[in-house]
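Any value given below was found using the heavy atoms of this structure, including those in side chains, with hydrogens, waters and symmetry copies removed. Chain letters run A, B, ... following the sequence lines, proteins first and then strands; every chain starts at 1. Since we're looking at a predicted model, the values are computed, not measured.
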There are 4 protein chains.
Amino acid sequence: MRKIGIRFVLMTVGAFLCLPISAAMRPRARDLGIPFEGTPGPVNAITDVAGVELGHTTLISGEGKLVVGKGPVRTGVTAILPRGKSSGNDAVFAGWFSQNGNGEMTGTTWIEESGFLEGPILLTNTHSVGIVRDAAIAWRVKQGGPDASGYWWSLPVVAETYDGWLNDINGFHVRPEHVFQALSSAAGGPVAEGSVGSGTGMVCYEFKGGIGTSSRRLSREQGGYSVGVLVQCNCGRRSLLRIAGAPVGLEIPKQPSKEDQGSIIIVVATDAPLLPHQLKRLSRRATMGLARTGSVSGNGSGDIFIAFSTANPGAWAATKPASVTMLPNDSMNSLFEATVQATEEAIVNAMVAADTMTGADSHSVPGLPHNRVRDVLRKYHRLTETSPNLKISGSQ
Amino acid sequence: MRKIGIRFVLMTVGAFLCLPISAAMRPRARDLGIPFEGTPGPVNAITDVAGVELGHTTLISGEGKLVVGKGPVRTGVTAILPRGKSSGNDAVFAGWFSQNGNGEMTGTTWIEESGFLEGPILLTNTHSVGIVRDAAIAWRVKQGGPDASGYWWSLPVVAETYDGWLNDINGFHVRPEHVFQALSSAAGGPVAEGSVGSGTGMVCYEFKGGIGTSSRRLSREQGGYSVGVLVQCNCGRRSLLRIAGAPVGLEIPKQPSKEDQGSIIIVVATDAPLLPHQLKRLSRRATMGLARTGSVSGNGSGDIFIAFSTANPGAWAATKPASVTMLPNDSMNSLFEATVQATEEAIVNAMVAADTMTGADSHSVPGLPHNRVRDVLRKYHRLTETSPNLKISGSQ
Amino acid sequence: MRKIGIRFVLMTVGAFLCLPISAAMRPRARDLGIPFEGTPGPVNAITDVAGVELGHTTLISGEGKLVVGKGPVRTGVTAILPRGKSSGNDAVFAGWFSQNGNGEMTGTTWIEESGFLEGPILLTNTHSVGIVRDAAIAWRVKQGGPDASGYWWSLPVVAETYDGWLNDINGFHVRPEHVFQALSSAAGGPVAEGSVGSGTGMVCYEFKGGIGTSSRRLSREQGGYSVGVLVQCNCGRRSLLRIAGAPVGLEIPKQPSKEDQGSIIIVVATDAPLLPHQLKRLSRRATMGLARTGSVSGNGSGDIFIAFSTANPGAWAATKPASVTMLPNDSMNSLFEATVQATEEAIVNAMVAADTMTGADSHSVPGLPHNRVRDVLRKYHRLTETSPNLKISGSQ
Amino acid sequence: MRKIGIRFVLMTVGAFLCLPISAAMRPRARDLGIPFEGTPGPVNAITDVAGVELGHTTLISGEGKLVVGKGPVRTGVTAILPRGKSSGNDAVFAGWFSQNGNGEMTGTTWIEESGFLEGPILLTNTHSVGIVRDAAIAWRVKQGGPDASGYWWSLPVVAETYDGWLNDINGFHVRPEHVFQALSSAAGGPVAEGSVGSGTGMVCYEFKGGIGTSSRRLSREQGGYSVGVLVQCNCGRRSLLRIAGAPVGLEIPKQPSKEDQGSIIIVVATDAPLLPHQLKRLSRRATMGLARTGSVSGNGSGDIFIAFSTANPGAWAATKPASVTMLPNDSMNSLFEATVQATEEAIVNAMVAADTMTGADSHSVPGLPHNRVRDVLRKYHRLTETSPNLKISGSQ
């Protein structure tokens with residue numbers, strides 16, 4: 001079985017026991033024999049883009065009937081630091097796109113205007129965006145002094161999806177210390193997926209969803225760049241689900257099915273030297289990766305995407321005309337394709353990683369049944385046969 | 001064999017013999033057993049939206065070596081009239097979206113501002129957008145008087161894709177009379193697809209492409225609305241092509257393959273009562289239908305989409321506060337899904353309909369080989385077996 | 001002298017004494033003889049648009065040296081309820097625009113997508129956007145049940161400008177109860193201006209700024225509609241300031257002057273039946289009113305505008321196709337002009353109303369010197385002579 | 001009197017005598033003592049930005065009653081070449097903005113996507129946009145070979161305003177040779193203003209308008225950059241007109257006045273090294289310069305702006321990651337201010353330069369009466385007294 005070296009932290013923060021959610025127990029999508037195009041980076045995660053760090057705070061407590069303010073709690077915070085610890089002092093070029101804006105991503109107006117993402121990207125549930133946003137400022141204030149202009153970093157980027165089906169979302173259980181924890185614990189390397197961090201209580205195509213990630217490494221002829229994608233996946237109606245082109249949602253139906261009310265946040269990282277307007281272009285390709293899994297971007301879905309480039313360090317802090325590097329537009333095709341591919345795989349990874357979860361009011365959301373998915377792919381001639389030693393786990 | 005009642009016109013316009021391109025000789029995608037989701041309208045075309053009329057002018061002449069100004073000519077004009085002959089006096093609500101703006105669609109700034117599409121949508125080749133645009137004004141001038149404010153309709157919508165591989169595009173062969181012809185011959189009912197009208201010289205996933213169309217009829221519970229899509233399909237790299245989820249492009253490879261340099265214009269029509277901002281939402285779903293066929297919206301691709309609603313006649317001409325009908329946002333999901341489905345099918349229809357064509361400098365572009373596609377779909381368990389009487393034609 | 005019936009509330013919220021800031025002691029711009037075009041509504045405020053309610057929570061405490069977390073505090077919250085108490089259950093059509101996006105306005109992505117503003121608009125300082133946002137959700141949760149779809153209202157609109165020069169902004173002094181207070185105390189009628197509510201610590205053209213408002217009533221021939229504007233004014237370099245076309249900033253110079261680092265939030269309300277895309281058009285006219293006061297929208301300025309219409313009650317809650325009323329585009333000119341005029345006057349009102357304030361680290365910002373301004377206007381033949389009984393107050 | 005060395009060309013193109021319109025006979029706005037802020041460049045024109053070249057083709061023929069196709073003709077073409085003759089092979093970074101999109105500017109979708117303006121900007125009347133667009137392609141085809149990718153430059157930028165009051169606009173009098181002429185005659189140095197080129201038949205605030213230009217040179221501390229603005233001014237209602245803050249339109253009224261139906265195209269050039277998203281920012285400041293002259297961007301007005309930078313030659317043609325120079329956002333304020341100032345002055349220059357013109361159906365539009373304007377400015381203490389030798393000419 002795949003050896004997993006994912007770094008996680010057993011935390012006791014306030015009243016919560018913060019569990020890593022069986023990250024070591026479930027395979028990733030490729031392990032199941034699901035075919036994907038393109039070549040992933042070493043850990044097949046957004047952290048394959050050098051410098052990118054990621055931290056999760058996972059909040060799980062309580063069972064049974066929902067009592068607002070008491071729980072059950074199934075939520076969390078995920079922090080993505082484009083340049084690791086120096087993210088606050090060395091902003092990255094960025095662009096964003098809303099395919100269906102039924103959601104919140106704070107800070108986008110300044111990204112659009114300035115071309116820069118000035119700090120981390122934080123993910124959480126819909127009703128905790130505010131506390132996470134202000135905590136991000138407080139964290140920056142604690143880190144040191146104001147910027148050169150005398151100001152403090154003050155327009156944080158925080159995005160959300162809604163976990164009110166499994167989580168006591170109106171209990172407002174995310175606290176500033178959870179944000180600090182996610183920021184401080186951020187690291188490179190393998191990334192825990194599924195029901196972790198901000199993805200803890202999320203639902204995807206009516207299976208358990210959450211955090212998923214993937215990456216692509218371009219060939220030397222294509223520039224040798226990396227593209228990494230991280231999704232917080234909470235969208236989709238069962239019948240629409242396709243995996244590797246196979247109609248998995250029709251083959252593993254759910255009755256009754258619900259309207260598409262969830263959302264998906266997609267973060268695209270690259271080390272290719274793209275300017276802000278080129279990163280906006282990249283972010284629009286996330287739609288196409290999402291579409292490959294079957295979504296039609298339902299009315300209730302906040303499908304909001306952001307892309308950043310770790311190239312051009314120092315550009316933001318320059319006080320004089322600065323030399324920056326720009327990839328020719330004509331060289332972007334392989335990045336577009338990598339983004340579509342990694343988005344598709346990240347979404348499937350989120351579902352593959354997330355085990356069945358029971359939460360508020362004892363609502364239960366099933367994990368993706370690995371063997372049944374393999375059966376469907378086999379039927380559609382889309383299964384890559386895997387090592388006979390693979391022990392498929394998960395809800396069947 | 002499918003009986004085809006497509007209205008076409010044998011035209012002699014100037015020096016051109018304008019041929020209907022073997023419309024009656026090739027089946028549509030469904031006839032081949034390609035599975036699609038959803039229920040199409042009576043003629044499975046954009047004209048299933050009541051009132052929408054469509055006309056083609058097809059220009060084909062010459063063979064062999066390209067001599068600029070002499071030919072060979074493989075181009076044309078397609079006109080879509082949202083409300084048929086009254087399109088000029090009763091504008092429709094509209095919205096547009098550019099997934100990748102390497103193309104031209106004139107008139108969009110006013111659509112964005114006013115919420116209205118004031119006249120027809122005209123399609124042609126990249127280098128004839130101008131002549132078509134001014135001819136649209138001249139046509140309007142000939143039809144009658146200025147509008148109530150004393151002005152003439154003057155911001156026409158003309159979109160394009162590039163046919164310079166097969167067509168003497170720098171010969172500027174489209175003339176005003178070709179535009180008048182397309183506008184005057186517009187009619188409802190079945191629509192000729194493939195190498196007709198503005199689609200005459202187009203290439204799609206390195207097969208012959210061009211015009212394709214499809215429609216969906218929603219159930220009564222969903223409102224009973226129609227959605228019709230028309231594409232001018234000129235985009236895509238072979239290896240990316242997927243049909244019904246099957247990797248057709250990998251199974252029928254092309255070597256050497258080219259960069260994605262083409263474009264696709266997608267027109268979405270509906271009779272659902274959508275406001276301008278809702279139509280913009282609809283237009284963004286075209287991306288997801290396009291993605292289902294494999295595209296990643298290459299840098300060179302002008303992927304520009306427009307959506308309009310034939311509901312709310314009279315809204316534009318009102319001189320006092322007018323009562324208009326608005327579908328709740330919560331009711332849009334089935335329209336989103338219909339748009340994605342019809343876009344996917346329209347693209348495949350364009351390729352299925354277009355036969356192999358030889359044009360400028362004897363460049364030849366193969367038509368989609370129907371039987372090989374069926375073989376691929378069968379391999380991936382995606383072929384709907386069809387009537388034993390179907391005689392599959394086309395280049396094999 | 002003008003009799004002022006402004007409703008204000010002496011509040012003791014936690015440790016703060018919340019003072020109305022000499023609202024009754026200072027005249028408004030018109031009282032000084034500053035000429036403006038157009039006809040204002042009865043109270044010359046955003047509340048002239050029927051149904052609009054407004055509430056301030058003003059936080060002032062401490063003096064002298066800044067100690068983070070201790071003060072001095074010069075900040076607050078202002079709430080605008082488009083339909084008063086029913087704002088949460090009957091959303092209004094809305095549109096927004098960013099002239100220079102160095103600021104935050106949460107919730108705009110959903111406004112852009114849906115066309116609706118679903119709740120109040122809340123204003124505060126830059127570092128309290130988060131707490132105000134989540135408090136808005138908590139307030140809604142306390143008011144009653146979720147909406148028909150089972151969800152709670154969850155994408156609040158909160159905007160900000162930076163008051164860190166006068167206020168201990170990193171002390172995070174705004175608390176949920178201050179938000180509840182602003183929401184609960186909201187009322188129609190005259191509006192307190194200057195250093196009140198969210199405008200408490202703001203600086204405008206290097207004079208004391210803050211909240212300002214104005215309105216216009218169109219003639220019956222123009223439809224009889226009202227347009228109301230409210231600004232939170234914190235922008236501008238002294239030298240740029242123009243009032244009624246006169247170069248006030250050059251005549252009352254400040255040395256040394258600072259870069260333009262502030263921001264301005266502009267809220268436009270109307271009862272004219274405008275659709276979302278038309279409200280976006282209206283919001284873009286705020287730029288032109290701002291420009292009349294001299295601003296060039298500096299890089300550091302978050303110049304973000306939102307417009308909503310109180311027409312079409314019930315449109316949002318409709319579960320079937322709804323009849324809504326739309327003003328013809330051709331009838332919008334008088335609304336555009338009213339918006340420009342009321343924006344210009346609201347900005348000047350903010351400065352006229354705000355008295356000199358001393359805050360953090362004993363920074364002091366002078367109030368607009370009324371008599372000197374009158375002198376300048378007289379020099380440029382722009383003073384409307386006022387009643388001899390007017391007693392001009394304020395810092396001279 | 002000011003010695004004017006404006007280069008103009010007496011042309012006979014087809015049946016037209018192409019007259020320079022009394023360019024040498026009328027002063028510019030500064031000559032009249034109108035005060036403006038900031039320091040202009042040597043010729044106070046867009047051509048002060050090194051490399052920018054400009055050419056006019058002016059078409060004037062016929063008098064009296066309008067006969068469609070016969071005249072009278074009062075129209076033309078103006079060409080702006082960002083890098084002079086090498087504009088086609090070395091694209092410039094660009095951005096655009098629509099303050100009110102009742103107009104056409106072709107090619108903007110690709111500017112938005114790519115960040116580049118690939119060729120000249122061409123201006124003409126509303127109904128000739130098409131012919132001018134295709135002629136621009138034809139001109140490029142005649143100049144030489146396709147670009148490196150095998151394509152020809154094919155998405156020209158052509159903008160328009162409506163001259164149908166003075167010109168036989170439905171006679172389509174602009175021909176390809178007029179476009180070639182404007183392109184070929186383009187040169188640096190002083191620019192003819194008023195009723196020349198594409199501005200020939202335009203009307204501004206119900207005075208004769210047309211082409212106007214101005215520039216600003218930043219101080220060494222501000223970077224020493226140049227900003228040049230060119231307007232094709234055809235907008236505005238008389239009563240709104242302000243010059244230097246004085247209410248000129250109210251002092252020189254027109255009865256009856258018309259609705260604001262015109263348009264204004266504003267082109268901003270700079271040599272400051274701005275990236276595409278920064279140029280979009282610059283283009284948005286044109287609104288504020290326009291607002292200073294009184295406009296509220298009426299519904300019928302196509303107020304569309306484009307900004308480009310001549311810095312970064314070679315960036316577009318790069319086939320590998322290229323080093324480009326970027327000005328820090330924090331250094332943009334002086335460019336913003338220069339843009340606002342130069343826009344304001346360019347509009348006034350257009351009106352000052354244009355003499356009374358009589359055209360179609362003997363419609364006559366008065367030139368700005370210089371002495372009356374001076375009287376108004378004097379009344380409002382806004383006249384800069386000029387040399388006693390100045391002989392004020394023009395319609396009084």
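Looking at B:Ser239, neither its backbone nor its side chain comes within 4.5 Å of chain A, counting heavy atoms on both sides. There is no contact between A:Gln341 and chain B, counting heavy-atom distances below 4.5 Å. Within the 4.5 angstrom heavy-atom criterion, only side-chain atoms of B:Arg281, from C-beta onward, approach chain A. Interface remark: A:Ser98 contributes backbone atoms only to the contact with chain B (heavy atom separation under 4.5 Å). Heavy-atom distances place the side chain of B:Glu344, and not its backbone, under 4.5 Å from chain A.
In this structure, the side chain of B:Asn299 does not engage the main chain of A:Asn333 through any donor-acceptor pair within 3.5 Å. Judged purely by atom type and a 3.5 angstrom limit, B:Ser301 has no side-chain atom pairing as donor or acceptor with the backbone of B:Gly298. Checking side-chain atoms of A:Asn312 against main-chain N and O of A:Phe93 turns up no donor-acceptor pair under 3.5 Å. A:Asn44 contributes a side-chain N or O that, together with a main-chain N or O of A:Ser215, makes up a donor-acceptor pair within less than 3.5 Å. B:Gln222 places a side-chain N or O within 3.5 Å of a backbone atom of B:Ser219 that can act as its donor or acceptor partner. With hydrogens and angles disregarded, a donor-acceptor distance shorter than 3.5 Å links the side chain of B:Thr213 to the backbone of B:Ile46.
Of the residues considered (A:Met332, A:Glu337, A:Arg382, A:Arg285), A:Arg285 shows the highest number of contacts with chain B, using heavy-atom pairs under 4.5 Å. For the set B:Val340, B:Asn329, B:Leu290, B:Thr287, the count of heavy-atom pairs under 4.5 angstrom toward chain A peaks at B:Asn329.
Between B:Phe336 and B:Tyr225, a ring centre-to-centre spacing not shorter than 6.0 Å is recorded.
The contact list for residues 241-252 of chain B toward chain A, using heavy atoms and a distance under 4.5 Å, reads B:Arg242, B:Ala244, B:Gly245, B:Pro247, B:Leu250 by residue number.
Residues passing the side-chain hydrogen bond (donor to acceptor under 3.5 Å, both in side chains) test with A:Arg238, sequence neighbours excluded: none.
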Exercise. Applying salt bridge (charged side-chain N to carboxylate O under 4.0 Å, His left out), run through B:Arg372 and B:Asp375 and close with a yes or a no.
Key: CA-CA 5 Å; B:Arg372 287 187 65 188; B:Asp375 290 345; over 6 Å; no

